[in-house]
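Note sheet for the following structure.
Order of the sequence lines sets the chain letters (A, B, ...), proteins ahead of strands, with each chain counted from 1. Just so it is clear, the values below take in all heavy atoms, side chains as well, and ignore hydrogens, waters and symmetry mates.
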Amino acid sequence: MMTAKEKEVIQAIEEQELFTFAQYDPEAAERTGYSDYSYWRSTIRVFLRNKTAVFLLILMTSLVAFTFIQPYLPGQKDPIKIHIDPNTGLQLRNHPPDKEFWFGTNSIGQDLWARLWSGTRTSLLIAIIVGIWEIVFGTFVGAIWGYVRPLEAFLTEAYNVISNIPTTIILMLIAYILRPSFQTMIIAMCATGWLGMARFVRNQIVIIRDREYNLASRCLGTPTGRIIVKNLLPYLVSVMVMRVALSIPGTIGWEVFLTYIGLGLPLNIPSLGNLLNEGRRVMMAPALRYQLFFPAVVLSVITVSFYVLGNAFADASDPRNHF
Amino acid sequence: MLKYSLRRLLHSLVTLFMVLTLVFLLMRLLPVEGYYGERADKLTPAQKEAILRKMGLLDPWYVQLRNFYLQLLRGDLGVSVIYRANVPVKEILAAKIPYSVAFGLGALVLSLVAGLAMGIHMAQNKGLFWDKFWTWYVVFINAVPGAVYLLFIQLYGTSITGLPMLFDRYNVRSWILPLVSMSLSGIAANAMWLRRFMVDELNKDYIRLARAKGMSSRAIMVKHVLRNAFVPLANYLPASILFTISGSIYVESLYSIPGMGGLLVTAISRQDNPLVQALVLIYSSLGILGLFLGDVLMAILDPRIRLEKQGGAR
Amino acid sequence: MRLARRVLPVLLLGALVLTGCKGAGPAPRKSGDVVGIYSGELTTINYLVTATTAEQSVAANCIDCLVEYDNLGILRPALATSWEVSPDGLTWTFHIRKGVKWLTYQGKEYAEVTAQDWVDAAKYILNPKNASQTADIVYRVIKNAEKYFNGEITDFNEVGVKAKDKYTLVYTLEKPVPYFLSMLTYCPFMPVNGKFLQEVGDKFGTDNEYLLYNGCYIFSVWEPHNQQVFVKNEKYWDAKNVHIPRLIFKFNQEAATLAPELFLRGEITGAGIPTDALDEWMKDPQKSKMVRPAETSFYTYFYAFNFNPKFPAEYEPENWKIAVNNLNFRKAIFHALDRRAALLTTDPYYPERMINNTITPKNFAAYGGKDFTQIGELAEISNRDSFNPELALQYRDKAKQELAGKVKFPVKVMMPYNTGSTSWTNRVQVVEQQLENLLGKDFIDIIPVGFPPTGFLNATRRAGNYALMECNWGPDYADPETYTDPFYPGSNYNWPEMAEGYLEPNGKTKYQNMVDEAKAEVIDIGRRYELFAKAEAFLINEAFVIPYSVGGGGYVATKLEPFTSPYAPFGVSSLKYKGQVVLDKPMSTEEYKAAYEKWLKDREAALQQEAAKAKK
Amino acid sequence: MSEPILSARDVVIKFSLRGQTLTAVRGASLDLYEGESVAIVGESGSGKSVFTKSWIGMLDANGWVDSGSILFEGKDLAKFKTEEEWLTIRGKKIAMVFQDPMTALNPLRTIGSQIQETLELHQGLRGQEAKRRTIEILAQVGISEPEMRYRQYPHEFSGGMRQRVVIAIAIACNPRILICDEPTTSLDVTIQAQILELIRKLQKELKVTLVYITHDLGVVANVADRVAVMYAGEIIEYGTVEEIFYDPRHPYTWALLSSLPQLGIKGQPLYSIRGTPPNLFNEIRGDPFAPRNPQALKIDFVKSPPFFQVSPTHYAKTWLLDPRAPKVEPPEIVKAMRAKYERYAV
């Protein structure tokens with residue numbers, strides 16, 4: 001069936017004219033099936049198509065931004081200042097949420113709203129530092145492991161040994177040998193965090209190191225290090241982004257765990273783990289449950305968001321999902 | 001097959017040996033209080049020295065290491081110092097393991113039954129409502145630390161249903177919440193992996209052939225997909241069975257179940273070095289044994305591995 | 001700190017109920033079982049070795065001593081029916097109760113309790129290999145015991161403890177000890193069956209089956225980290241005064257948090273109400289009727305100035321050393337500390353009752369009808385509040401003047417705290433803000449530093465790793481001398497002997513000389529107390545320490561009847577369930593206060609009666 | 001000619017991919033006759049596989065027959081919705097052999113059980129009987145020691161052997177139509193010939209209607225009676241093997257033939273078709289091959305050509321056959337082919 005428009009076009013052209021040769025345009029021939037494929041553009045395109053992920057990305061960006069600018073906003077309180085009830089001169093303990101204290105106060109009269117953001121800041125900071133270490137060190141070890149053959153057996157064995165000691169035990173021992181502090185927390189989690197990344201990178205490298213283009217490079221005399229950096233790492237960038245996103249909920253989880261068993265940050269440094277623990281102590285009193293509820297909600301939102309974002313990014317960065 | 005298993009076992013033993021040595025040396029970094037604990041204050045230097053000498057801690061490290069292995073070969077896990085003064089670690093464990101095993105196996109069965117059902121349901125409804133629904137469950141359990149959701153389960157689980165908050169082994173009702181709590185993450189893991197493996201299998205060519213044969217989707221699911229997807233799952237099954245012995249740290253302490261999970265936390269936080277050492281040994285051995293059995297099981301289930309590892313056929 | 005409170009194993013109920021009451025009722029009163037929860041498991045129940053409260057409370061209920069306190073705090077015969085002391089105060093002869101049996105954990109008779117059992121106990125404790133943590137209690141008073149312990153003599157017959165015959169026990173002392181009888185209520189003076197000890201060897205006290213029982217309860221079931229069950233000893237010599245048939249304790253890691261809820265659900269007999277949950281209980285019309293104050297203990301809490309700072313350079317120990325040796329600097333902080341504000345972190349409703357103005361708490365010792373804290377200069381200290389902002393500011397200005405150019409202001413004050421204790425963590429933040437706000441941030445800079453619970457004291461106080469720190473001390477025997485120990489040279493509290501300007505011609509500090517003088521007075525107890533009071537007043541007036549509070553306290557909801565169990569300022573008697581009953585409902589604060597008033601009167605009368613008896 | 005056993009008419013197949021709709025088959029028609037052997041030739045992505053898959057309901061979940069009809073045994077397969085309906089056809093009446101034998105078999109089950117499964121499914125054979133029949137079929141597809149092979153796993157077989165097994169599975173139920181989707185592409189050249197021969201042999205023995213899908217015109221001459229050329233989801237020319245090889249009419253067929261290496265003329269560069277097939281996401285107007293055709297007419301860009309009959313068995317879909325069109329000479333190679341043929345034919 002011809003559309004009205006087609007009919008018009010055909011009528012306009014003389015029938016004879018139609019049966020003459022058209023101008024052959026080789027470029028047009030190439031264009032017919034042309035696809036303007038670009039890895040990153042496709043990745044972003046696929047990612048943006050995931051509505052949930054986009055929503056969470058916006059949510060997390062604003063939340064992280066808010067966490068870091070919150071102390072500079074007007075009317076914010078000091079997270080460790082103990083507020084005094086002007087009427088009684090006593091500490092304003094367990095004050096329920098109201099206009100003045102949006103999330104109420106804790107058992108010694110500190111502002112929960114301020115503490116929550118301060119705690120989120122601490123936990124995110126730990127998570128990000130650990131995440132970065134995980135990529136840098138994990139990738140470094142993984143790259144050597146996968147690419148420098150003489151070290152392969154040694155590193156494999158070392159990995160076997162370390163990964164066979166349960167993470168819980170390593171974390172606990174380190175947190176225990178050192179004094180609870182911000183640094184201890186980071187050292188403990190850095191000590192185990194890189195393992196997964198190293199193995200991942202190594203596997204990826206083993207899969208692609210023998211691909212033709214790398215063999216070609218080697219034949220041309222490119223040094224190993226350069227091959228790793230130029231040919232292999234770009235392939236892994238998306239993997240790293242994903243690992244960082246996924247390591248954030250993991251790190252926060254471990255922080256909560258260490259705090260739970262009493263090896264966490266000192267109690268006077270607000271962190272999500274500490275706030276949760278503080279809330280846990282009063283959870284049996286329904287009127288005070290807000291002290292557990294607020295940190296739990298914020299923590300869940302953050303961990304779930306990063307987890308979903310990491311997975312969404314992983315999906316998006318997989319070329320198989322790009323068609 | 002036998003040759004492969006033996007070689008694999010030998011390798012596991014070497015790994016175990018290295019893990020134990022490493023942990024043993026690491027333990028020497030711990031403060032020596034772990035060998036006489038809070039008594040430190042009350043004891044004269046001579047008393048302390050006597051204790052350390054009795055425990056062989058004044059020997060050079062290599063002698064200590066040798067003695068440690070000799071002791072181990074005799075099946076002796078040492079004697080607790082602080083947790084239960086003078087009580088052999090073996091006795092302490094013997095009292096804990098039944099609880100952990102009972103809960104572990106219960107939770108394992110629950111998480112296998114529910115997790116596999118969920119995984120199949122997800123794979124069958126891939127991309128549809130139920131897939132997304134269960135995926136959110138998996139995401140939530142994986143992302144949110146157990147300490148958070150388990151707390152709410154305890155809080156509302158006991159206040160809404162009236163189930164007891166404390167574990168009492170004679171009260172069946174008191175088993176419910178801990179069992180459920182323990183299986184949640186297993187359900188999520190089983191469901192997630194089974195779904196992933198099944199989707200992987202579903203995309204394979206042999207499924208197309210099976211369809212072309214004229215098999216019904218249901219038959220394909222059962223005879224091909226599920227069976228094949230179960231193989232990679234089986235790889236970590238022994239590990240998870242063995243890990244049930246070590247218990248769940250959170251749940252055991254939340255509900256006061258006298259199992260191994262709580263023991264580890266207490267041993268470390270109270271610096272009972274011989275007990276910590278024994279526990280690390282058990283945990284690592286279980287882990288390594290689990291991996292080994294998983295590989296052997298895989299080899300039994302997957303004919304390809306059997307031949308490859310034997311260097312057989314093609 | 002002899003009764004050193006363990007961080008973990010605080011048997012909740014055991015620790016809560018530190019009171020006593022009228023004992024000798026004619027027939028056992030009706031009572032239900034005690035059901036409690038606990039969060040720390042016992043390491044050992046070897047009562048000859050352990051020094052922790054929770055573990056000793058097992059012995060308190062399972063093993064009887066020669067003498068015991070009744071519910072009014074009067075010493076009564078227990079396994080000794082009577083005793084004599086030689087005129088020189090050195091030889092004590094005890095007549096052992098006949099027919100008392102050692103029972104196994106299953107309640108089977110094992111042997112009779114004889115005088116030899118106390119000799120065997122001493123022999124066990126004085127053997128260094130057994131690593132008894134209470135050995136020094138014994139060898140500090142018993143003749144030749146220290147020499148035997150140190151291996152200087154090997155013949156145990158030379159040690160001053162002998163079984164003259166089956167029912168006669170004789171202790172010979174190194175020198176007269178006025179408070180010797182009170183010491184006998186403590187674990188190291190409990191008996192042990194020598195044959196059994198030999199039978200079980202190293203296993204003694206590692207499990208309930210490796211212990212023999214002669215007290216009011218038998219430890220019949222012990223499933224570590226699950227439950228402990230004690231059943232009444234029906235063959236107990238004083239069984240009619242034991243009313244509670246069973247004590248059941250269930251383990252829970254989160255005992256402190258869960259206990260109030262479990263109490264409301266009727267699952268347990270009593271619960272301490274944590275500070276966090278207190279508002280909830282106080283504001284609720286129903287719950288507020290069930291909650292009442294808990295007893296305070298004889299632990300004394302004080303803020304110590306460290307004269308031997310060993311903390312890291314970042315906190316400027318040298319600077320602190322100069323500052324702390326200035327009396328006005330110390331006094332500025334002494335008067336600036338608002339103890340009531342700090343105590344709100346423990347007791348937000350009635351903090352005043354916890355405040356302690358002296359080191360030796362009230363009602364610990366008395367002579368001639370006068371409480372120790374009211375003797376001499378201590379009287380004035382006891383009756384005022386050390387918190388005085390005007391004074392504090394005056395001293396601050398003086399200190400600033402005197403120290404100008406010598407120290408760097410603000411002086412950094414490193415203040416450790418235990419991260420495992422919520423109230424301590426909270427308190428250190430309160431104290432920091434309160435002191436800095438009052439004295440000015442240009443004067444002092446308080447730096448709280450958290451340390452984990454395990455090995456806490458080793459890392460902080462004992463290592464000199466602090467500038468100003470909250471410390472505590474519990475009595476070892478019923479005499480004011482016990483409260484001088486932390487400050488006497490050789491202790492590892494705050495090294496006041498290193499303070500500058502207090503040295504006397506004999507090479508000892510003024511405080512040491514004062515204490516030595518008091519210790520030497522063993523005959524005239526009145527004068528002895530005066531001398532100790534003088535020394536303590538000196539310690540406080542020179543602001544070596546800031547007395548802060550007594551221990552215990554807090555709030556409980558419990559069906560256990562208060563003021564019926566043995567009452568004792570020291571020793572393990574107060575840990576007994578003997579004499580107590582479980583009521584149908586918990587006492588309200590009012591009822592409790594009334595009962596307390598009555599108890600005070602009864603005690604007053606009993607003390608007078610005893611004093612009168614003594615005069616005869 | 002007799003009635004066709006399968007008659008596909010104006011089949012349009014669409015897929016939905018991430019919100020976009022792709023038209024993979026754009027009105028293809030084909031008749032199959034009893035016992036004949038038809039080859040469908042085209043570049044990859046031309047829709048030849050999709051087209052045949054629609055006959056046994058094996059389109060991927062996101063694809064559907066949008067319009068047209070597929071008549072088989074009096075039923076319109078295009079209207080089939082449920083799996084039950086398909087199970088009456090698939091494997092039983094129409095069987096299919098796929099491209100890659102390496103992955104086509106379940107690696108965890110024995111060869112025997114995978115063949116036997118089909119027999120049990122469609123012929124109701126059980127136990128020993130099924131096993132005996134399985135071994136027979138194995139022998140029939142040229143596998144030596146079938147009893148021993150019965151118990152082995154796919155990884156113990158070479159690629160060619162596996163393809164034989166796949167074929168065995170396909171013929172196990174005596175289907176009326178056997179579709180072979182590029183069955184030799186991934187095999188060694190020497191093996192390819194063996195498999196082709198096997199397929200030919202089986203087709204003759206079993207008198208099955210064979211549909212052979214390939215992008216390689218070279219193999220077509222060996223297996224097919226008739227050839228259909230597909231481009232961009234349309235069949236653009238069909239006829240007997242001779243007609244297509246020696247008298248092709250569509251410029252695309254010319255281009256395909258010109259690019260056959262074995263037909264190349266020494267000393268001349270091998271011909272290759274410029275450009276790529278059209279993006280099937282886009283709407284195609286006129287002749288889809290026009291943009292790649294150096295001799296395209298203006299009308300090719302405007303209007304889709306109808307089929308012009310060349311002979312009773314030969315049809316081509318190009319405006320060049322329109323009487324109004326200018327005369328266009330086929331390429332040299334095609335002309336050479338025809339000359340060669342005419343020489344032999346005479």
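- Considering only heavy atoms from C-beta on, B/Leu301 stays 4.5 Å or farther from D/Leu108 through its side chain.
- With chain B as the partner, the residue from D/Leu105, D/Thr103, D/Thr118, D/Ile179 showing the most heavy-atom pairs under 4.5 Å is D/Thr103.
- Across all their heavy atoms, D/Leu87 and B/Gly214 have their closest contact at CD2-O, 3.1 Å.
- The part of D/Ile169 that comes within reach of chain B is its side chain, from C-beta onward, which places non-hydrogen atoms under 4.5 angstrom from that chain.
- Sparse packing is recorded around CH2 of B/Trp193, with 12 or fewer heavy atoms of other residues, nucleotides or ligands lying under 6.0 Å away.
- Side-chain atoms of B/His224 and D/Arg109, non-hydrogen and from C-beta on, do get closer than 4.5 Å to each other.
- In this structure, B/Lys213 contributes its side chain and D/Gln114 its backbone to a donor-acceptor pair below 3.5 Å.
- Residues B/Arg211 and D/Gly57 come closest through the heavy atom pair NH2-O, 3.4 Å.
- The shortest distance between side-chain heavy atoms of B/Ser216 and D/Leu121 does not fall below 4.5 Å.
- Within a 6.0 Å radius of CZ in D/Arg126, more than 12 heavy atoms belonging to other residues, nucleotides or ligands are found.
- Here the NZ-CG distance, from B/Lys223 to D/Asn106, works out to 12.0 Å after rounding to the nearest 0.5 Å.
- In terms of heavy-atom proximity, B/Leu209 sits nearest to D/Ala104 at CD2-O, 3.2 Å.
- The backbone N or O of B/Ser217 sits less than 3.5 Å from a side-chain atom of D/Glu83, completing a donor-acceptor pair.
- The distance from atom CZ of B/Arg208 to atom CE of D/Met58, rounded to the nearest 0.5 Å, is 6.5 Å.
- Within a 6.0 Å radius of NZ in B/Lys126, other residues, nucleotides and ligands contribute 12 heavy atoms or fewer.
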